[in-house]
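Inspection log for the structure reproduced underneath, given as structure tokens.
Every chain is numbered from 1 and lettered A, B, ... according to where its sequence line falls, protein lines coming before strand lines. Since the structure is predicted, the reported quantities are computational estimates derived from the model, not experimental observations.
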Amino acid sequence: MSEPYDPKHFEAKWAERWEADQLYRTGPADERPKAYILDFFPYPSGDGLSVGHCRNYVPTDVLSRYYRMRGYNVLHPMGWDAFGLPAENAAIERKTNPAKLIAQFSANYKRQFCLIGISFDWTREINSSTPEYYRWTQWIFLRLYESWYDPRANAAQPIAALEKELAERGSAGIAGVPPMTAQQWQTLGARERKDYLSHFRLAYRAASTVNWDPVEKTVLANEEVIDGRGWRSGALVEKKTLMQWFFRITAYADRLLADLQDLDWPENIKLMQVNWIGRSEGAEVVFETPVGGLHIFTTRPDTLWGATFMVLSPEHSLVLKLTTPDRQAEVQAYIAEARKKSDIDRTAEGREKTGVFTGAYARNPVNDEQIPVWVADYVLMGYGTGAIMAVPAHDQRDFEFARGFNLPIRVVIQPESKPALQAETMTEAWPGEGAMTHSGTFDGTPTSISVAQVTEWLESTGKGKRRVNYKLRDWGISRQRYWGTPIPIIHSAQGEEPAELPVTLPDVKYYEPTDTGESPLAAIPEFVNTEKGKRETDTMGTFACSAWYYLRFADPHNQNAAFDPQQVAYWLPVDMYVGGAEHAVMHLLYARFWTKVLHDLGYVPFIEPFKRLRNQGMILAPDGKEKMSKSKGNVITPDETVAEWGADALRAYEMFISDFEMATPWNTHGLAGTYRWLRRVWEVVLSPAPRPAADDRTAQADRDLTRWTHKTLRKVSQDIEGFRFNTVISTLMEFTNALHDAQRQPVSDRAFNEATDVLLLMVAPVAPFMAEEIWARQSRPYSIHQQLWPQFDLALAADETITLVLQVNGKVRGRIAMPAGLTEEQARDVAMKNEAVQRHLDGKPPRKLIYVPGKLVNVVV
RNA sequence: GCGAAAGUGGCGGAAUUGGCAGACGCGCUGGACUUAGGAUCCAGUCCCGCAAGGGGUAGGGGUUCAACUCCCCUCUUUCGCACCA
């Protein structure tokens with residue numbers, strides 16, 4: 001009898017040994033097949049990891065260990081998304097430097113990761129807030145700044161090539177851009193040229209109304225505003241106009257959409273990206289007014305004849321120009337009111353539509369009618385052109401507005417399967433299909449073909465153009481905060497220009513946000529003033545840091561480049577990327593975008609960074625439906641759990657608790673189950689009970705145990721690869737129980753030892769500490785984690801006998817053990833001779849007999 | 001409102017994708033043993049019934065020899081989007 005299982009005895013010992021030996025260090029590219037297994041880039045919070053966080057780190061670790069044992073060169077790194085508000089706010093609160101806090105917090109994370117046996121290669125640890133890292137974030141910023149999206153190549157190109165083209169041929173060859181002849185270009189000064197080029201650059205500066213969080217005192221991205229409130233502070237977001245830096249992600253909208261198709265990602269995540277990009281096809285049509293054309297976008301050009309008024313967004317640039325003198329006061333008051341309203345007020349459900357008449361009229365190009373132009377806040381400046389044609393008969397929003405303000409409604413689509421619509425009696429709009437009417441020569445055209453026909457006609461008559469519109473906006477990156485990557489730009493008399501890299505954050509005592517909306521960096525003259533001009537003082541939002549970190553891990557300490565292209569070509573794309581679904585849109589979209597830009601510019605050979613993606617389900621507090629959170633005081637830490645049960649039991653329970661993608665409550669009692677299982681493994685391997693001596697049953701018992709062994713090996717391998725970690729554990733438990741029972745059988749030493757060897761190797765990725773300890777106690781050469789995964793043998797896993805299920809009319813009436821290779825003939829025969837089957841047939845002749853090979857016979861009467 | 005996912009014992013959850021519902025674990029009930037160890041071991045545990053048998057995967061309908069699985073409707077929960085022209 002050996003010592004009982006006691007993880008406290010050996011877990012710390014092995015953790016130290018592995019660390020000292022750099023057991024999990026990953027070498028550079030070599031000839032082995034590679035597997036890059038990556039967890040989402042975490043911000044190391046001061047609270048440390050909870051058992052909920054471990055839900056993804058344990059399974060990816062098991063996967064990494066499994067692939068190592070399968071002979072793969074595995075990259076499994078960890079680093080810190082260290083810039084950003086949480087660190088900065090924590091530092092302000094504690095009156096210390098955020099860099100110091102991050103060092104402290106990340107050391108704690110690392111300690112916890114080692115505590116639970118995660119096999120990260122710590123020689124590749126990166127920290128996005130160090131100049132060694134963020135100088136390359138800046139470098140990528142400048143690559144975007146120095147590039148533009150050439151629609152002809154459908155790819156990013158150097159901006160220098162565009163300058164050359166403009167000088168030679170002007171902008172004539174490029175569709176949809178502000179016109180510029182070669183002669184005009186020649187006469188422009190440096191600053192004017194730069195202004196013009198900012199319409200093209202993939203990183204550009206533009207005035208924009210931003211979401212201003214009055215508590216955080218910073219600009220928030222659209223994605224950081226939830227129901228009109230800041231995602232962290234919960235404060236009502238205000239609007240503010242500032243010069244902001246953007247990345248032109250909209251240029252990549254089509255490719256970001258199209259390339260989703262081939263990704264092995266959860267369908268709901270792909271769908272969320274599709275919806276976020278929000279592609280819709282339609283037409284752009286110009287309605288002429290005395291002060292210029294009003295461009296509108298519509299997905300239903302077949303309803304153009306039903307436009308009875310127009311609506312502009314209050315932010316539309318032509319509103320005041322268009323408004324007649326007698327209406328100015330009213331319109332201006334309305335605009336001011338709209339500006340004051342938060343988005344949450346503006347979009348509140350069931351709100352009465354408001355608006356005012358501008359006094360102006362616009363000409364509908366399809367029928368030359370003059371229709372009134374209104375201003376209303378239900379039209380959003382951020383989508384389409386900020387102006388719409390209102391077709392009240394066929395759009396619910398327009399219908400409500402028309403009814404509210406007594407505007408005319410004209411039916412131009414008659415549904416086929418309903419009574420004819422009457423404008424006077426309609427209670428809601430008809431947005432569905434039907435035949436066109438009151439539409440001149442198009443009358444009678446059904447919706448199935450009308451949209452395409454009208455669009456074609458608009459194009460051929462020059463009244464409009466085909467247009468694809470996206471909900472996706474450009475990615476705003478400017479943050480008026482200290483703790484971020486400085487935007488590497490200098491503003492001089494000649495306009496903006498790239499700064500020399502790196503632009504490092506000054507080490508300062510005070511970095512609280514200012515009340516003016518300016519970055520704290522603006523108050524530091526040594527930082528702002530350079531020989532060439534004034535530095536940009538905004539820093540980048542942290543999504544920039546995480547948009548490329550997966551590339552840096554391939555070559556994390558390169559001093560001369562963001563990464564070595566050969567290392568990146570070997571390791572990337574990421575084979576398995578795992579993290580929470582809360583990053584479904586922003587991070588994943590931005591990372592895909594940067595990958596595509598870097599691909600276009602020739603830095604990486606692939607177009608998608610993450611081949612496979614999985615989201616772990618959340619672990620809730622034990623009491624049921626609450627999330628674990630410090631404020632609720634229901635957080636369970638790996639530290640306390642390891643102290644009580646050991647790291648291996650924690651790891652096994654993290655896997656066993658539920659399907660990987662499902663949310664589920666934590667249950668400390670459940671840990672006892674995985675703890676008991678590990679103890680049973682420990683005992684059955686290290687000190688099996690004496691078995692009965694070999695006899696004439698031994699050959700059969702050996703075959704049975706060997707079959708168990710190989711079946712288990714096959715299922716465990718498949719389930720690890722398929723991300724079914726809960727059934728990995730249950731399968732291993734069943735096998736352990738089978739071994740336990742085999743102790744009472746006259747199994748030979750050979751078969752028994754083969755089984756325990758295989759069990760131990762299969763347990764190694766799950767319970768690395770115990771597996772290593774048993775391995776050492778068996779006096780085998782260190783380390784078990786460098787052994788090969790055992791091969792399964794299909795022939796040995798094959799069943800000798802099967803259980804044939806006998807049914808009558810689909811109800812189970814009996815089960816019979818039969819040899820595995822039985823013929824259909826035999827199966828039918830056995831079924832019909834079966835006493836229970838005969839009883840339920842009750843003398844009636846079988847009408848039909850269904851045989852599912854090796855499984856079941858169903859007799860139908 | 002729109003979209004997506006989910007709903008299975010007292011609990012967490014399985015079910016080779018249309019073929020034995022409830023694997024595995026927790027808990028619970030008996031029993032054995034005891035070097036008192038988070039003991040362990042043995043047996044049992046969906047519901048009704050002594051049994052034969054019957055019922056059962058949120059509810060209702062349907063397809064099928066056969067449905068947790070596919071289709072339609074309803075309810076509940078979670079998540080995402082939310083006046084997107």
Side-chain angles (χ1 to χ4, degrees), chain A residues 1 4 227 266-272 274-276 278 280 282 296-300 303 311 343 346-351 353 376-380 382-391 394-398 400-401 431 469-472 581-582 584-585 615 617-618 624-625 644-645 652-653 656-659 661-677 679-680 683 689 715 718 724 726-734 736-737 740 803-812 814-815 839 846-861:
Chain A
M1 193 69 188
D227 291 336
E267 284 305 316
N268 63 321
I269 300 290
K270 291 210 248 182
L271 193 64
M272 279 162 72
V274 168
N275 292 338
W276 193 264
S280 48
I296 61 106
F297 171 73
T298 176
T299 54
R300 291 292 300 273
T303 64
V311 187
D343 280 348
R346 252 177 94 157
T347 61
E349 212 171 320
R351 194 175 67 95
K353 289 204 165 33
D377 63 8
Y378 80 91
V379 174
L380 310 174
Y383 183 79
T385 61
I388 61 157
M389 64 161 182
V391 183
H394 306 293
D395 181 288
Q396 185 59 25
R397 295 153 299 179
D398 299 343
E400 287 164 19
F401 194 80
N469 202 50
Y470 300 93
K471 280 204 300 198
L472 183 69
E582 67 273 15
V585 175
N615 300 121
M618 195 177 317
K625 297 295 160 200
E644 213 176 335
W645 300 96
Y653 186 60
F656 186 60
I657 189 167
S658 167
D659 181 273
E661 308 204 350
M662 299 289 190
T664 189
W666 186 258
N667 176 4
T668 305
H669 293 300
L671 267 162
T674 54
Y675 179 87
R676 286 204 274 263
W677 166 59
R679 180 169 49 200
R680 193 171 256 213
E683 267 157 21
K715 178 149 174 65
Q718 287 171 347
R724 294 181 292 269
N726 53 341
T727 52
V728 167
I729 301 298
S730 66
T731 305
L732 287 172
M733 284 174 166
E734 288 183 274
T736 308
N737 292 343
H740 182 80
T803 303
L804 189 68
V805 173
L806 307 177
Q807 294 184 334
V808 177
N809 284 340
K811 284 188 196 296
V812 177
R815 299 185 175 92
R839 193 168 67 239
R847 191 157 58 82
K848 201 169 162 189
L849 215 145
I850 285 136
Y851 176 57
V852 181
K855 284 199 175 139
L856 155 161
V857 178
N858 186 10
V859 185
V860 186
V861 293

Now, which nucleotide makes the Watson-Crick or G-U wobble pair with [N], with each of the two distances under 3.5 Å?
N	answer
B:C24	B:G12
B:A58	B:U74
B:U35	none
B:C79	B:G3

Between [M] and [N] - [atom1] atom distance, rounded Å:
N	M	atom1	value
B:U77	B:A58	C1'	11 Å
B:A66	B:G7	P	24 Å
B:A6	B:A15	P	13 Å

Checklist line | Presence of donor-acceptor pair under 3.5 Å, side chain of A:K353 and base of B:C83 | finding: yes
Margin query: Using the rule given for salt bridge (charged side-chain N to carboxylate O under 4.0 Å, His left out), can you reason through A:E267 versus A:K270, listing the C-alpha separation, both sets of side-chain angles and the distance that settles it, and then say yes or no?
Written below: CA-CA 5 Å; A:E267 284 305 316; A:K270 291 210 248 182; 3.8 Å; yes
Margin query: Under 3.5 Å, is there a donor on one side chain and an acceptor on the other for A:Y378 and A:D398?
Written below: yes
Next item on the list: Would you indicate what A:I388 reaches in the nucleic acid, counting non-hydrogen atoms under 4.0 angstrom: base, sugar-phosphate, or nothing?
Entry: base
Notebook entry, point to check: How would you label the contact of A:E644 with the nucleic acid (heavy atoms, under 4.0 Å): base, sugar-phosphate, or nothing?
Noted result: base
Note to self: Can you tell me if A:R839 touches the phosphate of B:G53, counting only side-chain N or O atoms and a distance under 4.0 Å to OP1 or OP2?
What the structure shows: yes
Next item on the list: Just label B:G62 as syn or anti from its O4'-C1'-N9-C4 or O4'-C1'-N1-C2 angle, using within 90° of 0 for syn.
Entry: anti
Check: In terms of the nearest nucleotide of RNA chain B, which residue is placed more toward the 5' end: A:H740 or A:F297?
Finding: A:H740
